[in-house]
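Worksheet for the structure shown next.
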Amino acid sequence: MKKLKHYSHLIFDLDHTLWDTNVNAAQSLSEMYHQYNLGQYGIISEHDFIQKYVDINNRMWTEYSLGRIKKSYLRAGRFELTLKYFGIVNQELVEKLSDFFVQNTPGKKELIPFAKDLLNHVHGKYQLAIITNGFAEAQHTKLRSSSIDHFFSKIIISEEIGYHKPDPRIFLQTAELLQTPIKDCLMIGDNVETDIAGAIASGMDCAYLNPAGVKHNYEVTFETHCLSELIKWL
């Protein structure tokens, strides 16, 4: 694979691309299940609880990214809907679970395989930045807790800048903040509907991290199943 020498800036998504959202969230949800003894409410399987939460949370994050729901509803609604699935209507418990998750999960440290290797490889060769749709208070904590915050010159968070991926304006504004032409930027992300579609719409090249081999119709610049392949390319 020919090395990519013409980019000056690499722009990363955070969740699922560098920070291992699935592993970190599962750890927090397991702790939550036992701390609040959710079995007493009839949720017999910890695995089923985590899986149902993940399904609902992923769906709601898509809705949030498209501007269809508010942050406040996403934050608590994912637990409200998860509990309702198990036949539980308990607003006090919803609030406790929501607070526990927001307070504990961002401090988890697990990274996607080869994320640290890749960042060490490209640091100093390119200017590095983050574009994320995540909540501001959580994203800064994730970067610090996983010890990767020092790699990035800019952290662009959708709720701070006013646009969510896939809105091309967040990519265009990021290039402006970085004081570089958009053609000199490469977006690296795992979500084809937000990271990749948004980058393409803005005119930014993109590398799609697609470990599951999801079928799509986007004309991506590069596609890989593992971050280790980017070490060879960059």
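Worth knowing before you read on, the calculation uses all heavy atoms, side chains too, and leaves out hydrogens, waters and symmetry mates.
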For [Y], does its backbone N or O pair with a side-chain atom of [X] as donor and acceptor, under 3.5 Å?
| X | Y | result |
| --- | --- | --- |
| Tyr33 | Ile43 | yes |
| Asp184 | Thr180 | no |
| Thr221 | Ala207 | no |
| His123 | Leu128 | no |
| Thr224 | Leu209 | no |

Exercise for review: Go through the structure and list residues passing ring-ring contact (aromatic ring centres under 6.0 Å, His included) with Tyr53, not counting sequence neighbours.
Suggested key: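 Testing Tyr53 for ring-ring contact (aromatic ring centres under 6.0 Å, His included), a comparison that skips the adjacent residues, returns Phe79, Phe101.
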Review point. Who are the ring-ring contact (aromatic ring centres under 6.0 Å, His included) partners of His225, not counting sequence neighbours?
Key: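 Applying ring-ring contact (aromatic ring centres under 6.0 Å, His included) to His225 gives none.
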Would you find more than 12 non-hydrogen atoms of other residues, nucleotides or ligands less than 6.0 Å from [X] atom [atom1]?
| X | atom1 | value |
| --- | --- | --- |
| His216 | NE2 | yes |
| Gln179 | CD | no |
| Lys71 | NZ | yes |
| Lys109 | NZ | no |
| Glu92 | CD | no |
| Glu193 | CD | no |
| Gln91 | CD | yes |

Check your understanding: Between His164 and Tyr64, does the ring centroid distance fall short of 6.0 Å?
Key -> yes
**Study point:** Aromatic ring proximity Tyr73/Trp61, centre distance under 6.0 Å
**Key:**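 Not close enough - the centres of the two rings lie 6.0 Å or further apart.
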Do [X] and [Y] meet the criterion of a side-chain donor-acceptor pair at a distance under 3.5 Å?
| X | Y | result |
| --- | --- | --- |
| Thr17 | Asp190 | yes |
| Asn24 | Thr105 | no |
| Tyr7 | Asp205 | yes |
| Glu159 | Asn133 | no |
| Glu46 | Ser30 | yes |

Point to revise | Phe86 six-ring face occupied by Lys52 cation (under 6.0 Å, within 45°) | key: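 Lys52 over Phe86 ring: no.
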Point to revise | Check: Thr82 and Val94 side chains under 4.5 Å, non-hydrogen atoms | key: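 No. Closest side-chain heavy atoms not under 4.5 Å.
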Practice item. Give, for atom OG of Ser146 and atom CD of Glu110, the distance between the pair rounded to the nearest 0.5 Å. Key: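 Interatomic distance, Ser146 OG to Glu110 CD, rounded to 0.5 Å: 10.0 Å.
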Check your understanding: Only one of Thr132, Asn191, Asp13 clears side chain to side chain donor-acceptor pair (under 3.5 Å) with Lys165; which?
Key ->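 Result: among Thr132, Asn191, Asp13, Asp13 is the only option passing the side chain to side chain donor-acceptor pair (under 3.5 Å) with Lys165.
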